[in-house]
Amino acid sequence: MTKEQFDGFGPMVQQIIMTRCREMGIRIEEFPFEDAVRLGTGATRFKAIIGKDITTRPAKSDEEIEREEQQGILESFLRTVPMRYRDADLSKDFHAPFIADLRNGQSAIVVGGNGIGKTRLAWALAQAWKREVPRCTVRIVKGAALLSEVKSIEGDWYRYIEAEYGRCDHLFIDEIDKIKGSEADWMLLTYLIDYRYEWMRQTVVMGNCSKEDTLSLIGQSSYSRLSGDGARAYSLSGTDKRRQDYRERCFA
């Protein structure tokens, strides 16, 4: 019996066939199709009694197939979310007015001290977008890791950075202040920001520094592109949540 023939039977008949195969010590492919048909015929007679067709698997609608595909895409993405940020949620974690601008796809610069929630904000936004539009693409990467990855490949760095980071719908470049690169490294980053600006794709740069320090790091050209269309550099304030959580655990 072929796989196509097996798939043509309903769940109950398939279960009976698998049970028979285990009892006989054979594989499903070795089970005689004629015997399977007889099992199906018996199930058909059973259908007449219970009023339910168990011999064939109902066909799925295009909407069901699309819904299952999108659910699979979402679940696959959620498995990539770091464990620390899986519970990040815009509705409970963030209330700043500018969140709506980021939510709507506005590029921006987000700065602030350590542990106040910049990375958590990025993952909260990413999960919100993917739940609404599973097929959208979101990348969250540390600046130093991005440049290290690009320079490790052989070939045209600029084409690589376009393909891997230039075409996704939403890109967050975290810890911009941790980049200790050369002028050529910053040129790569400037090229990426410029490329995404031309194609009207959201880019959010984040760092543990002031707006002025960020401006000096990325340069006036990149700052102008990131702050285009009315966007600004936003500064998150508050206490260091990491130290607060640590103290709460220590003195609980």
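Cluster annotation: I65 is not connected to L74 through the hydrophobic network of ILVMFWY side chains, with a link wherever side-chain heavy atoms come within less than 4.5 Å.
Around atom CZ of R139, more than 12 heavy atoms belonging to other residues, nucleotides or ligands sit under 6.0 Å away. The environment of NZ in K3 is sparse: at most 12 heavy-atom neighbours from other residues, nucleotides or ligands sit within 6.0 Å. The neighbour count for M187 CE, taken as heavy atoms of other residues, nucleotides or ligands under 6.0 Å away, does not exceed 12.
Considering every non-hydrogen atom in both I140 and A126, the closest pair reads CD1-CB, 4.0 Å. Residues K118 and G112 share a closest heavy-atom pair of NZ-O, 3.3 Å. Nearest heavy-atom pair, V138 versus K130, reported as atom, atom and distance to 0.1 Å: CG2-CD, 4.2 Å. Scanning both residues, V111 and I109, for their nearest heavy atoms gives CG1-CG2, 3.8 Å. In terms of heavy atoms, Q14 sits closest to F6 at NE2-O, 3.0 Å. Here the shortest heavy-atom pairing between D89 and A124 reads N-CB, 3.9 Å.
Listed by chain and residue number, E4, Q5 satisfy the side chain to side chain contact (heavy atoms under 4.5 Å, CB included) test with T2 (two or more places apart in sequence, or in another chain). With sequence neighbours excluded, no residue satisfies side chain to side chain contact (heavy atoms under 4.5 Å, CB included) with D62. For E30, the salt bridge (Lys or Arg N to Asp or Glu O under 4.0 Å) test picks out R27, with sequence neighbours left out. Partners of R135 under the side chain to side chain contact (heavy atoms under 4.5 Å, CB included) rule, at least two apart in sequence or in another chain, are E66, E69, Q70, I73. Here E34 pairs with P32, R38 under the side chain to side chain contact (heavy atoms under 4.5 Å, CB included) rule; sequence neighbours left out.
A side-chain donor-acceptor contact under 3.5 Å links T190 to the backbone of W186. Q127 places a side-chain N or O within 3.5 Å of a backbone atom of Y85 that can act as its donor or acceptor partner. Judged purely by atom type and a 3.5 angstrom limit, D177 uses its side chain to pair as donor or acceptor with the backbone of N208.
Looking at R131 and L78, their side chains come closer than 4.5 Å, going by heavy atoms from C-beta outward.
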- Message: Evaluate T203 against Y197 for side-chain contact (heavy atoms from CB on, under 4.5 Å), listing each step before the verdict.
- Response: CA-CA 8 Å; T203 308; Y197 171 78; over 6 Å; no

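The aromatic rings of F98 and Y234 sit parallel to each other, their planes meeting at less than 30°, with 60° as the upper class boundary.
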Please tabulate, for the side chains in residues 166-173, all donor-acceptor contacts under 3.5 angstrom to protein atoms that are two or more places apart in sequence or on a different chain.
| residue | atom | partner | partner atom | Å |
| --- | --- | --- | --- | --- |
| D169 | OD2 | T137 | N | 2.8 |
| D169 | OD2 | T137 | OG1 | 3.2 |
| H170 | ND1 | Q202 | OE1 | 2.7 |

